[in-house]
Amino acid sequence: NALPCAGRPRADLVERMKTVGMLGGIGPESTVEYYRSLIAGYRQLRQDGSYPSIIINSIDVTKLLAWMGANQLSEVTNYLVDELQKLAGAGADFGIIAANTPHIVFDEVQQRSPIPLISIVEATCAEAERRGISKAGLLGTRFTMQARFYPDVFSGKGITLVVPPEDEQNYIHDKYLAELLKGVFLPETRERLLEIIESMKQQHRIQAVILGGTELPLILHGDQACGIPLLDTTQIHVQAVVARLLS
């Protein structure tokens with residue numbers, strides 16, 4: 001009975017390792033954060049020196065935003081399904097869409113996806129429920145704040161979501177596209193976002209804020225703002241992925 005060579009992973013362990021496929025690039029800055037966090041989260045829980053198996057398909061956010069702006073959601077769905085096919089062909093066991101806004105078509109995409117998907121919205125809802133939150137603010141692109149895909153999931157758990165007034169939604173959306181997606185994080189933008197959160201807290205008594213855009217945690221750092229928790233959808237999504245990788 002010869003011992004396995006030192007430094008060489010056992011074949012049975014390698015065969016059992018799951019692979020996550022990530023649709024990234026929507027946007028690039030948060031995709032980098034996803035990658036770093038997936039590795040860190042995996043290695044924190046599995047302290048045998050191994051790394052997770054990750055396949056990234058970086059797609060074109062400009063196409064998605066143009067289709068969404070024109071309300072051509074079928075084009076968004078087709079594009080995402082086609083790109084998930086590439087991940088499945090490369091060997092991914094399950095997948096994620098590493099952004100909030102494309103989840104506007106998540107149900108349709110999931111039905112046609114060749115691999116199971118982990119929803120960022122469902123993962124965030126589960127975390128909010130775990131924390132006992134019954135009312136939360138929602139920030140993100142205009143598409144995310146105005147669509148039903150967040151409220152429909154959260155209302156099923158008795159959680160009320162509040163969005164800012166339309167002029168503030170426009171401000172957040174414009175800054176998201178013009179700055180955050182391009183990796184530009186300005187102090188004055190951060191201060192204005194904090195003012196919007198404070199206003200929602202005062203007017204609606206929200207207990208937390210959902211950072212429903214994966215670039216938002218890159219400008220709103222930390223676990224709290226204005227005395228209430230920030231739910232970082234990127235990190236919540238990552239935790240769900242790591243749990244699946246290690247299951």
Side-chain angles (χ1 to χ4, degrees), residues 20 22-23 26 30 34 37-38 41 45 68 73 76-77 80 94-113 115-165 168-169 172 176 193 196-217 220 222-247:
V20 57
M22 185 195 320
L23 281 189
I26 39 180
S30 61
Y34 261 94
S37 298
L38 280 169
L45 293 178
M68 287 180 182
L73 297 184
V76 175
T77 301
L80 295 175
F94 67 96
I96 59 169
I97 302 169
N100 283 269
T101 300
H103 280 68
I104 197 169
V105 293
F106 182 82
D107 291 344
E108 294 83 354
V109 171
Q110 184 171 234
Q111 288 173 8
R112 293 170 52 191
S113 174
I115 51 177
L117 303 177
I118 296 179
S119 162
I120 198 171
V121 181
E122 291 172 5
T124 302
C125 181
E127 177 64 14
E129 185 182 28
R130 186 187 71 79
R131 296 191 188 200
I133 294 166
S134 59
K135 182 184 277 192
L138 174 64
L139 303 183
T141 64
R142 186 187 297 117
F143 308 117
T144 296
M145 290 185 285
Q146 294 182 359
R148 291 295 312 168
F149 66 94
Y150 255 99
D152 285 349
V153 172
F154 276 67
S155 62
K157 298 297 183 181
I159 302 172
T160 302
L161 296 184
V162 177
V163 296
E168 293 178 348
Q169 289 185 37
I172 296 168
Y176 205 107
L193 292 172
I196 291 171
I197 291 172
E198 180 63 33
S199 177
M200 295 171 74
K201 177 186 170 186
Q202 296 298 328
Q203 292 184 30
H204 300 285
R205 304 296 182 215
I206 57 174
Q207 300 163 300
V209 174
I210 297 164
L211 301 183
T214 51
E215 274 72 31
L216 286 171
L220 293 171
D223 298 328
Q224 288 200 344
C226 307
I228 55 176
L230 296 175
L231 298 187
D232 181 339
T233 56
T234 301
Q235 295 304 321
I236 291 169
H237 208 191
V238 163
Q239 289 167 13
V241 172
V242 170
R244 178 74 66 87
L245 285 170
L246 295 175
S247 66

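Along the sequence shown, the residues carry numbers beginning at 1.
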A side-chain contact here means heavy atoms from C-beta on lying under 4.5 Å apart; do Ile197 and Leu139 qualify? yes
Quiz prompt | Sub-4.5 Å side-chain heavy-atom contact between Phe154 and Ile210 | solution = yes
Hits for ring pair (Phe, Tyr, Trp, His ring centres under 6.0 Å) against Phe149, two or more places apart or cross-chain, chain-then-number order -> none
Minimal heavy-atom distance between Pro164 and Met145, with the atoms involved, is CD-SD, 3.8 Å
- Query: Is there a side chain to side chain contact (heavy atoms under 4.5 Å, CB included) between Val121 and Phe106 once you walk through the steps?
  - Reply: CA-CA 9 Å; Val121 181; Phe106 182 82; over 6 Å; no
Could you tabulate the donor-acceptor pairs under 3.5 Å formed by side-chain atoms of residues 95-102, not counting sequence neighbours?
unit_1 : atom_1 : unit_2 : atom_2 : d
Asn100 : OD1    : Tyr150 : OH     : 2.6
Asn100 : ND2    : Thr233 : OG1    : 3.1
Thr101 : OG1    : Thr141 : OG1    : 2.8
Thr101 : OG1    : Thr144 : OG1    : 3.1

- Message: Using side-chain heavy atoms (C-beta onward) and a distance below 4.5 Å, is Lys135 in contact with Val162?
- Response: yes
Test item: Val241 and Phe94 side chains (from C-beta on) under 4.5 Å apart, heavy atoms | yes
Q.
Measuring only between side-chain heavy atoms, which start at C-beta, is Glu122 closer than 4.5 Å to Cys125?
A. no
Nearest heavy-atom approach of Ser119 to His237 is C-NE2, 3.8 Å
Closest heavy-atom pair, Lys201 versus Cys226, reported as atoms and distance to 0.1 Å, is NZ-O, 2.6 Å
Heavy-atom closest pair (Ala147 atom, Ile104 atom, distance to 0.1 Å) is CB-CD1, 3.7 Å
When rounded to the nearest 0.5 Å, the distance separating CD of Glu108 from CD of Gln110 is 10.5 Å
Apply side-chain hydrogen bond (donor to acceptor under 3.5 Å, both in side chains) to Gln239 and Gln235, showing your working.
CA-CA 6 Å; Gln239 289 167 13; Gln235 295 304 321; 5.5 Å; no
Would you check if the side chain of Gln207 reaches a backbone N or O of Ser134 as a donor-acceptor pair within less than 3.5 Å? yes
Value for CD (Glu215) from OG1 (Thr234), rounded to nearest 0.5 Å, stands at 7.5 Å
Between Ile206 and Ala136, the two heavy atoms sitting closest are CG2-C, 3.9 Å
Student check: side-chain heavy atoms of Met22 and Leu38 closer than 4.5 Å: yes
Closest heavy-atom pair, His103 versus Ile118, reported as atoms and distance to 0.1 Å, is NE2-O, 4.4 Å
| Quick one: are Leu231 and Ile133 in side-chain contact, heavy atoms under 4.5 Å? | yes
Glu127 meets the salt bridge (Lys or Arg N to Asp or Glu O under 4.0 Å) criterion, sequence neighbours left out, with Arg130, Arg131
Value for CZ (Arg148) from CG (Leu161), rounded to nearest 0.5 Å, stands at 8.5 Å
| Ser113 (side chain) donor-acceptor with Val109 (main chain) under 3.5 angstrom | no
